[in-house]
Amino acid sequence: MITIQGKGVSKGIAKGKLYFYRRPDTEIVKQTVSDLDAEKARLAEAQAASIAQLEALAEKCRAEASEDTVVLFETHAMFVEDEDFVECITSVMEDENCNAEYAVREAGEQFAAMLAAMDDPYMQARAADIRDVAGRILNNLMGIVPGGIDSEEPVILAADDLAPSETLQLDKSKILAFATQGGSGNSHTAILARTMGIPALCGAGATLEEAHSGRLCYIDGETGVLYIEPDALTLAAMNEKYEQQQEMKKLLETMIGQEDITLDGRKMMLYCNIGSPEDVAAVHLNDGQGIGLFRSEFLYLSASDYPTEDEQFEAYRTVAQAMKGKRVVIRTLDIGADKQVDYFEMQKEENPAMGLRAIRICLNRPEVFRTQLRALYRASAYGKVAIMFPMITSVWEVRECKRACQKVMAELKAEGIPFNAETEIGIMIETPSAVLIADALAKEVDFFSVGTNDLTQYTLACDRQANDLGKFFDPHHPAVLRALKMATDAAHAAGIWIGICGELGADLEMLPTFLAIGIDELSVSPAAVLPLRAAIRQSIAKTCTLEKLGC
Amino acid sequence: MKQFDYTITDALGIHARPAGLLAKEAKQFQSVCTITKGDVTKKLTQLMMLMSMGIKCGDVVTIKAEGADEDAAIAALEAFFKANL
């Protein structure tokens, strides 16, 4: 048995085989080859594999009766063997005496560029199909598995650390738990694990190595321990804990359908944080009363170019409709800092957390902002959408955002497109600046939502991504809690509601303090809803004190 | 050699979906099937080239088939254009 101690960042027990995530080596290097025929044979093999995959996809869609998708995959399969395309690949290989990877990418780019140059927007968009096809052939040439997990059965996924764009591409149905060498409780892997309600540990260090791949493991997300091939004693202990976990889960299910109200009648809005439309299933499963934070970044992180208005509209509308009239707070794009997207072509910053990020990008690039706002307002006709702006530090920023909203509404009205003119507008409170001028900000908006991770980072001058700041990064710090109280007092004085959408909201130990401060809403990962509901229903708001604020 | 002229009536022109279906149709025959718009001629089996011609609604194209089964080919293609484009 090997025992690896890390930091538990998402509770639960899981057992399964360890699978070490291999970062696809997507860098294509031009190489001179000596045996051109062998290279052509590799290409033919990759083409055959691509066609087989596409035919299987088409077959699957045929079974699901989505005829348009069937044709799409069939067309892609035809692209793979298109005479001109193949001739172009082969001639690059022959002319430059180079490897198939390089030739496929060159040919793909040439054909994509040809379509992109046409004056028809529909055909321009087909350039993406060509790139998709070239990408598939490349994956097959380089042995890259889409979804990142080359295993039939679900696994415990180990990695050095995972970037947000990588976690998005993972096939979630194959993941039982996460274990990473680096990372922290605030890393995106940890947040994803909590949303999925599966165990995770981070900071496992170099002892978590690739050589352990394929071995049977138990992971305890509470204690942060990973046991590789556990001995009989450990096995018995883990199995017992697993049974207890199942028992607890059953008991918590009795909370489904209950109201979020304290014993003395104080109501709390208990909402969920989600990162993509597919997370809505977890919200329903855990009986979340709304969405307090829908991170729109997934649309940008998972794409290789700016997502179109229609793509965004579809995602927002899907969630708004699925929530059937319950509030859905959608946060406008929050990239920059730790979430980087290549096609934004951002300049490298010395200190990105304080750089051009979130609303600052939107205000600097009105076209990007306008596209997202149009999609949001169009979706507002299909449910109770609320729009939330991140990283606010000044009143003028909020006014500029509201002007952008007005402009978009006027456009939609002129075009006869339905939207809800009463759509709520709110802001994130995540900078000390926003706390200090909360009274002025509260007059401009319909609600506040506190991002505790960033508020802690900026208030305590502590990088949330850093591994070794552990004890200094303290969301329970009286300074953070006093900031929360100041923002709440300002919100209530202006007659608006305030919530917490950061990880701190799920901290059961903090619930009495939140009740004492007067927080109106808690938005947490779906798996945290029922334990929190049970705690709320046992609380007495009147007797809660502000002692943790140290005043 | 057999041929016919056709005016595209589909609002999107020869977009990806019908282009794919058209290439598939043409592949069934031994005859060489081509499409001409203005002075550009491409084989119907050249899917990407076919798409790159940018054939739109209202464009007049000429379809030709030449080979052993040209009669069957041209009949099938004419039926295809009428049904899909």
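Basis for what follows: all heavy atoms, side chains included, without hydrogens, waters or symmetry-related copies. We name chains A, B, ... by the order of the sequence lines, and we start the count at 1 in each one.
- The stretch residues 78-89 of chain A places Met78(A), Phe79(A), Asp82(A), Glu83(A), Asp84(A), Phe85(A) near chain B, each with some heavy atom under 4.5 Å from a heavy atom of that chain.
- Heavy atoms closer than 4.5 Å to chain A are found nowhere in Leu22(B), neither backbone nor side chain.
- A distance of 5.5 Å separates CE of Met51(B) from CD1 of Ile130(A), quoted to the nearest 0.5 Å.
- Annotation for Gln30(B): atom CD does not count as buried by contact number, only 12 or fewer foreign heavy atoms lying within 6.0 Å.
- For NZ of Lys30(A), the number of neighbouring non-hydrogen atoms (other residues, nucleotides, ligands) closer than 6.0 Å is greater than 12.
- At most 12 heavy atoms of other shown residues, nucleotides or ligands fall within 6.0 angstrom of atom CD in Glu45(A).
- Residue Lys24(B) touches chain A through both its backbone and its side chain, counting heavy-atom pairs closer than 4.5 Å.
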